[in-house]
Amino acid sequence: TQIYNCTHYGIQAKNALIEAENIVINYTGQASLACTYGGNYKFTHSTFNNNWSSPSQQAVYISNYLDGATPEGKDLTAATFNNCIIYGSYSNEMILDKKTEALFNYQFNNCLIKSNKTNDPLYQFETDPIHYNAIILNKDPKFFNPNINNFNIDNSSSAFAKGNSVYLIPLDILGITRTTPPDLGAYQSKDFPK
């Protein structure tokens with residue numbers, strides 16, 4: 001699935017159940033992916049980018065609450081990202097927003113993430129193995145051209161061959177067979193015209 005050019009969200013889920021693979025989202029006014037008010041989510045080999053021209057945007061937003069709702073908080077039983085890319089044009093493209101005592105379970109495995117929140121206890125990319133495993137932090141994935149939604153990569157990308165084969169989805173978003181170790185994101189690297 002490819003979702004582009006949305007005023008607010010590419011996907012906005014509220015206390016939902018989503019299991020998805022080979023998703024690409026870009027150019028959204030608020031968040032490419034918003035998993036709010038708890039829920040259960042699993043994304044594998046997906047590319048969440050945001051090149052919208054607003055400093056309040058992000059690629060991924062996750063929360064366990066909804067202001068004004070009753071109850072205000074709902075359990076985030078899981079928000080799991082495997083072999084994904086979370087990137088964009090600003091310094092922090094991922095927001096983890098925990099405001100209640102409801103469960104807030106999240107895990108990122110073999111992901112490339114752009115974030116400047118390394119001093120926050122929710123973002124301990126290198127020292128928290130319960131929530132983060134094999135994270136590539138703030139490295140350019142060298143997408144061919146995100147301005148026209150071309151998220152292919154080649155072997156110069158920081159996402160090249162950095163995936164974990166445990167989470168392998170055999171075919172990428174274009175139906176190309178993934179190699180092992182796989183590339184991160186929805187696209188397997190190949191010599192595409194840029």
Side-chain angles (χ1 to χ4, degrees), residues 1-109 111-133 135 137-138 146 149 151 185-186:
T1 300
Q2 300 176 59
I3 302 171
Y4 304 123
N5 308 317
C6 302
T7 304
H8 297 289
Y9 303 97
I11 296 174
Q12 182 185 26
K14 291 181 182 175
N15 197 249
L17 171 62
I18 298 176
E19 184 170 347
E21 58 198 40
N22 289 331
I23 303 285
V24 180
I25 307 176
N26 188 36
Y27 278 119
T28 59
Q30 293 185 18
S32 294
L33 172 68
C35 299
T36 64
Y37 203 34
N40 190 313
Y41 309 97
K42 181 180 178 184
F43 295 94
T44 305
H45 277 294
S46 294
T47 300
F48 303 103
N49 195 76
N50 204 344
N51 275 47
W52 194 272
S53 57
S54 163
S56 60
Q57 73 188 38
Q58 58 266 168
V60 172
Y61 174 83
I62 301 168
S63 81
N64 66 345
Y65 74 96
L66 185 63
D67 286 333
T70 305
E72 185 178 58
K74 289 226 175 161
D75 289 345
L76 179 68
T77 55
T80 305
F81 294 78
N82 302 316
N83 293 349
C84 291
I85 297 174
I86 299 170
Y87 203 75
S89 53
Y90 289 94
S91 60
N92 185 48
E93 291 292 342
M94 183 177 80
I95 300 292
L96 303 176
D97 197 1
K98 178 181 187 280
K99 283 195 176 176
T100 72
E101 294 308 311
L103 284 176
F104 197 77
N105 293 326
Y106 59 97
Q107 187 173 56
F108 296 85
N109 301 303
C111 292
L112 187 153
I113 300 172
K114 189 173 187 182
S115 176
N116 63 0
K117 292 192 167 255
T118 54
N119 292 328
D120 187 303
L122 293 177
Y123 302 85
Q124 296 305 303
F125 300 107
E126 297 179 0
T127 59
D128 180 0
I130 293 171
H131 297 110
Y132 299 102
N133 296 292
I135 300 302
L137 190 61
N138 298 324
N149 300 316
F151 292 97

Please walk me through it: do Ile113 and Val60 pass side-chain contact (heavy atoms from CB on, under 4.5 Å)?
-> CA-CA 10 Å; Ile113 300 172; Val60 172; over 6 Å; no
Could you walk me through whether Asn82 and Lys42 pass the side-chain contact (heavy atoms from CB on, under 4.5 Å) test, one step at a time? CA-CA 8 Å; Asn82 302 316; Lys42 181 180 178 184; 3.8 Å; yes
*Which is it for Gln107 and His131 under the side-chain contact (heavy atoms from CB on, under 4.5 Å) test, yes or no, and what are the steps along the way?*
CA-CA 4 Å; Gln107 187 173 56; His131 297 110; 5.6 Å; no
Give the intermediate values and the outcome of side-chain contact (heavy atoms from CB on, under 4.5 Å) for residues Asn26 and Val24. CA-CA 7 Å; Asn26 188 36; Val24 180; 5.6 Å; no
TODO: Decide yes or no on side chain to side chain donor-acceptor pair (under 3.5 Å) for Glu21 and His45, but give the supporting numbers first.
DONE: CA-CA 6 Å; Glu21 58 198 40; His45 277 294; over 6 Å; no
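With hydrogens and angles left out, the side-chain atoms of Ser89 and Asn51 include no donor and acceptor closer than 3.5 Å.
Scanning all heavy atoms of the two residues, the minimum distance from Thr28 to His8 falls at CB-O, 3.8 Å. Here the closest non-hydrogen pair linking Gln58 and Met94 is CB-N, 4.4 Å. Smallest separation of non-hydrogen atoms from Asn119 and Gln124: C-NE2, 4.0 Å. Looking at every heavy atom in both residues, Ala16 comes nearest to Ala13 through CB-CB, 3.8 Å.
Here the CD1 atom belonging to Ile135 is positioned 10.0 Å from the CD atom belonging to Glu126, to the nearest 0.5 angstrom. Atom NZ in Lys74 sits 12.0 Å away from atom CG in Asn64 (nearest 0.5 Å). Considering NZ of Lys114 and CD1 of Ile86, their distance stands at 13.0 Å, rounded to 0.5 Å. Here the CZ atom belonging to Phe151 is positioned 12.5 Å from the OG atom belonging to Ser46, to the nearest 0.5 angstrom. Here the CZ-NZ distance, from Phe104 to Lys99, works out to 11.5 Å after rounding to the nearest 0.5 Å. Taken to the nearest 0.5 Å, the CZ atom of Phe125 stands 13.0 Å off from the CG atom of Asn133.
Scored by the side-chain contact (heavy atoms from CB on, under 4.5 Å) test, Asn92 finds Ile95, Ser115, Asn116, Lys117 as partners (sequence neighbours excluded).
Dense packing is recorded around CG of Asp120, with more than 12 heavy atoms of other residues, nucleotides or ligands lying under 6.0 Å away. Other residues, nucleotides and ligands contribute over 12 non-hydrogen atoms within 6.0 Å of the NZ atom of Lys98.
Ile62 has its side chain out of reach of Tyr41: every pair of non-hydrogen atoms, C-beta onward, lies at least 4.5 Å apart. Considering only heavy atoms from C-beta on, Thr47 stays 4.5 Å or farther from Tyr87 through its side chain. Contact of the Tyr106 side chain with the Leu122 side chain is registered, since non-hydrogen atoms from C-beta on lie closer than 4.5 Å. No side-chain heavy atom of Thr36 sits less than 4.5 Å from a side-chain heavy atom of Tyr9. Taking the side chain as every heavy atom from C-beta outward, Phe43 and Cys35 approach each other to under 4.5 Å. The shortest distance between side-chain heavy atoms of Ile11 and Ile18 falls below 4.5 Å. For the pair Ser53/Tyr27, no side-chain contact is recorded, criterion being any heavy-atom separation below 4.5 Å from C-beta on. Two residues are said to be in side-chain contact when any heavy atoms from C-beta on lie closer than 4.5 Å; Tyr123 and Tyr132 meet this criterion.
Ring-plane geometry between Phe108 and Phe81 is classed as parallel, the angle between the planes falling under 30 degrees on a 0 to 90 degree scale with a further cut at 60.
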